[in-house]
*Asks:* 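Would you mind keeping the following structure in view while I ask a few things?
Throughout, residue positions are numbered sequentially from 1 according to the sequence presented. Side-chain atoms are counted along with the backbone in the values below, which use heavy atoms only and exclude waters and symmetry mates. Just so it is clear, the structure is predicted and the values come from calculations on it, not from any experiment.
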Amino acid sequence: MTQLEWNRRSEWPLTAAALIFLAAYSVQVITNTESLLVEILIWVTWAVFVLDYVVNLALAPQRGRWFVRNLHELAIVALPALRPLRLLRLVTLLRAMHRVGGNALRGRVLTYVLGAAALLIYVGALAVLDVEENAVGSNLTTFGDAIWCALTTITTVGYGDHYPVTVLGRCVAAGLMIGGVAVLGVVTASVASWMVQTVADETQAEIDAAEAPVHLELQKLSEQVQHLTTLLEAARDGRQGQMRED
């Protein structure tokens, strides 16, 4: 089995594992309680991600280069603090949304952006709440506060009524800021592109409507010229035939 074939076969199972992890992680963080079932689910999904990493490393044509280029994958499976990054596997769902978005490039881009923004906000809120809810002096103690913080951060508004006080929380907020700038930039570009395309289509329709009578007249003139040419050729042939008979 090649690495490409493994990635193709494991794509949806890893997505399912990420969804299970998302559900278990959400319950654990939002309720702020310990549950044996939730812990089992989190550890099982962690084992799935470790298996995927090991298989990819074993099947890589150039293992050293793959290892260096995928150090983030090792960090995600090795460091508990980075466990929310396992949810990046849910990007696979955006591919399905991409197929629903239609064939237009603008529609695909907008679908990706909206899906990525929703996922980024939710995962960012969970990650912030996970590291902040039990921290000393924290003002992010509920999921509602975390969602509000993620929304104001990703949209670069930053009211300042809720903010992280831990180092990891601030790192998550920094990631949301960078992601927010990228998301807003793509949305703005998509809207601008749609407006330009709409105006161009309307202008082209007006031009086509104005040129339609001209094209019709040209077609009529062309038909008349063709008819006259046929008559002239017939008259010339008749005159030549008469001359031969004389």
*Asks:* Look at the side-chain heavy atoms of Ile, Leu, Val, Met, Phe, Trp and Tyr, link any pair under 4.5 Å apart, and say whether Met1 and Val55 land in one connected group.
*Replies:* yes

*Asks:* With heavy-atom distances below 4.5 Å as the criterion, would you say the side chains of Ile40 and Trp43 are in contact?
*Replies:* no

*Asks:* Linking directly or through intermediates, with side-chain heavy atoms under 4.5 Å: list the remaining ILVMFWY members grouped with Ile20, chain and number order.
*Replies:* Leu37, Leu41

*Asks:* State, to 0.1 Å, how close Arg63 and Leu57 come at their nearest heavy-atom pair, and which atoms those are.
*Replies:* CG-O, 3.2 Å

*Asks:* Report yes or no: do Asp145 and Asn139 form a side-chain donor-acceptor pair below 3.5 Å?
*Replies:* no

*Asks:* Please tell me if the side chains of Met177 and Ile154 come closer than 4.5 Å, counting only heavy atoms from C-beta onward.
*Replies:* no

*Asks:* Do Ser26 and Leu126 make a side-chain contact, defined as non-hydrogen atoms from C-beta onward lying under 4.5 Å apart?
*Replies:* yes

*Asks:* Which value, rounded to the nearest 0.5 Å, describes the distance between Thr153 atom OG1 and Ile178 atom CD1?
*Replies:* 12.0 Å

*Asks:* What are the two closest heavy atoms between Ile42 and Ala24, and how far apart are they?
*Replies:* CG1-CB, 3.9 Å

*Asks:* Given Tyr53 and Phe67, is the ring pair (Phe, Tyr, Trp, His ring centres under 6.0 Å) satisfied, shown in steps?
*Replies:* CA-CA 10 Å; Tyr53 179 84; Phe67 176 80; 7.1 Å; no

*Asks:* Is there a path from Ile147 to Ile30 through hydrophobic residues (I, L, V, M, F, W, Y) whose side chains come within less than 4.5 Å of each other?
*Replies:* yes

*Asks:* Just so I know, are the side chains of Phe143 and Tyr122 near enough to count as touching, which here means a heavy-atom distance under 4.5 Å?
*Replies:* yes

*Asks:* Where does the angle between the aromatic ring planes of Phe21 and Tyr25 fall among parallel (under 30°), tilted (30 to 60°) and perpendicular (over 60°)?
*Replies:* parallel

*Asks:* Quick one, Leu59 and Thr2 - any side-chain contact, counting heavy atoms below 4.5 Å?
*Replies:* no

*Asks:* Less than 4.5 Å apart, side chain to side chain, heavy atoms only: is that true for Glu132 and Val165?
*Replies:* yes

*Asks:* What is the minimum heavy-atom distance between Gln28 and Val38, and which atoms define it?
*Replies:* CB-CG1, 3.8 Å

*Asks:* Is Val44 reachable from Leu36 through a run of I, L, V, M, F, W or Y residues, each pair having side-chain heavy atoms under 4.5 Å apart?
*Replies:* yes

*Asks:* Let me check something: do Val48 and Val54 share a hydrophobic cluster, defined by ILVMFWY side-chain heavy atoms less than 4.5 Å apart, either directly or through other members?
*Replies:* yes

*Asks:* Distance from Cys149 atom SG to Asp161 atom CG, nearest 0.5 Å?
*Replies:* 8.5 Å

*Asks:* Is there a side-chain contact between Leu129 and Asn32 in this structure, where contact means two heavy atoms from C-beta onward sitting under 4.5 Å apart?
*Replies:* no

*Asks:* Do Gln3 and Trp66 have side chains that get closer than 4.5 Å, going by heavy atoms?
*Replies:* yes

*Asks:* When rounded to the nearest 0.5 angstrom, what distance separates NE2 in His162 from OG in Ser138?
*Replies:* 10.0 Å

*Asks:* Quick one: CD on Glu11 to CG on Asp52, what's the gap to the nearest 0.5 Å?
*Replies:* 11.0 Å

*Asks:* Is there a path of hydrophobic side-chain contacts, each under 4.5 Å between heavy atoms of I, L, V, M, F, W or Y residues, that connects Trp46 with Leu14?
*Replies:* yes

*Asks:* At their closest point, which heavy atom of Ala125 faces which heavy atom of Ala146, and how far apart are they?
*Replies:* O-CB, 3.4 Å

*Asks:* Might you point out which heavy atoms bring Val172 and Gly124 nearest each other, and give the distance in Å?
*Replies:* CG1-O, 3.8 Å

*Asks:* So which heavy atom on Ala135 is nearest to which on Thr166, and how close?
*Replies:* CB-CG2, 3.6 Å

*Asks:* From Leu228 CG over to Leu221 CG, what is the distance, rounded to the nearest 0.5 angstrom?
*Replies:* 10.5 Å

